[in-house]
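Positions are given from 1, in the same order as the sequence printed here.
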Amino acid sequence: MKTFRDSFEENYMAYEKPCGNKRGFCIRYEYIGKWCVFKLEKAEKQRYKRIFAMLCTLGTLFFALAALQKCELNYRSFPTLFSGFSLALFLFEWFGVLQFVFSKDKITNQNFEQMNMILRLAPCANAVVLLCAAISCIFIIIRNGLSAGAVTVPLFYFFSGICSFLITFFYRALPYEKQENKAWDDKSKKFICM
């Protein structure tokens with residue numbers, strides 16, 4: 001497995017840029033690795049960014065509506081355990097969605113790999129954990145005969161899980177490609193756009 005240093009040395013090249021200091025130059029690093037680009041029109045990519053942000057916000061809202069209710073279900077071990085795992089997964093999910101929302105047209109290989117791994121795994125795992133929370137709540141309701149008002153807790157967990165699942169589903173359908181970096185010319189060993 002590559003270390004961060006190996007990856008950095010592979011994808012960045014140092015060059016001397018003239019400046020007005022004592023030495024007359026300063027060291028700059030230029031990205032020479034491959035770019036990752038989503039094969040979408042600009043308007044379509046903006047639409048997906050809005051959809052992901054909306055789904056993540058709705059999922060968080062549904063989760064809060066379920067987890068913050070004063071209900072016996074939220075004091076039981078299994079729903080509490082699953083909601084705790086889900087809370088941790090929501091942090092990763094939000095991180096990945098915000099990376100996607102604020103991404104530019106061209107994404108460096110390292111940033112893309114990180115975002116891709118998070119958005120492929122975290123929302124899917126969160127959906128499974130939230131579904132388990134909903135099922136454990138329903139099991140407790142059936143076993144203990146709780147009131148009908150307690151049904152909203154598993155329902156909100158289920159809706160939150162659906163939102164996380166939709167993020168995974170839509171993200172996995174997005175086409176992308178890796179493009180060569182035009183900033184570095186291997187023949188002349190110079191940067192083209194310096």
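In the hydrophobic clustering, L121 connects to M117, either directly or through intervening members, whenever side-chain heavy atoms lie under 4.5 Å apart. Annotation for Y75: hydrophobic cluster partners, listed by chain and number, are none (ILVMFWY side-chain heavy atoms under 4.5 Å, direct or chained).
Nearest heavy-atom pair, A122 versus F92, reported as atom, atom and distance to 0.1 Å: CB-CB, 3.8 Å. Across A133 and F82, no two heavy atoms sit closer than the pair CB-CB, 3.6 Å.
When the salt bridge (Lys or Arg N to Asp or Glu O under 4.0 Å) test is applied to E41, no partner is found at least two apart in sequence or on another chain. Among residues two or more places apart in sequence or in another chain, the side chain to side chain contact (heavy atoms under 4.5 Å, CB included) test is passed with K34 by K178, E180. In terms of the side chain to side chain donor-acceptor pair (under 3.5 Å) criterion, E44 has no residue partners (sequence neighbours excluded). Listed by chain and number, the residues in a side chain to side chain donor-acceptor pair (under 3.5 Å) with Y171 are N116 (sequence neighbours excluded). Partners of Q114 under the side chain to side chain donor-acceptor pair (under 3.5 Å) rule, at least two apart in sequence or in another chain, are Q99. Residues passing the side chain to side chain donor-acceptor pair (under 3.5 Å) test with S136: none are found, sequence neighbours excluded. In this view, K49 satisfies the salt bridge (Lys or Arg N to Asp or Glu O under 4.0 Å) rule with no residue, not counting sequence neighbours. A search for salt bridge (Lys or Arg N to Asp or Glu O under 4.0 Å) contacts involving K106 returns nothing, not counting sequence neighbours.
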Identify every side-chain donor-acceptor pair in residues 158-169 under 3.5 Å, counting partners at least two apart or on other chains, and give the distances.
unit_1	atom_1	unit_2	atom_2	d
S160	OG	G59	O	2.7
S164	OG	E93	OE1	3.0
S164	OG	E93	OE2	3.3
S164	OG	N126	ND2	3.3
T168	OG1	C124	N	3.0
T168	OG1	S164	O	3.4

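Every pair passing ring pair (Phe, Tyr, Trp, His ring centres under 6.0 Å) that includes a residue from residues 104-145 is listed here, sequence neighbours excluded: F38-F112, F112-Y176.
Here the SG-CG distance, from C56 to L119, works out to 9.0 Å after rounding to the nearest 0.5 Å.
Under the 4.5 Å side-chain heavy-atom criterion for grouping Ile, Leu, Val, Met, Phe, Trp and Tyr, F63 is not connected to V129 through any hydrophobic cluster.
Judged purely by atom type and a 3.5 angstrom limit, S103 uses its side chain to pair as donor or acceptor with the backbone of F100.
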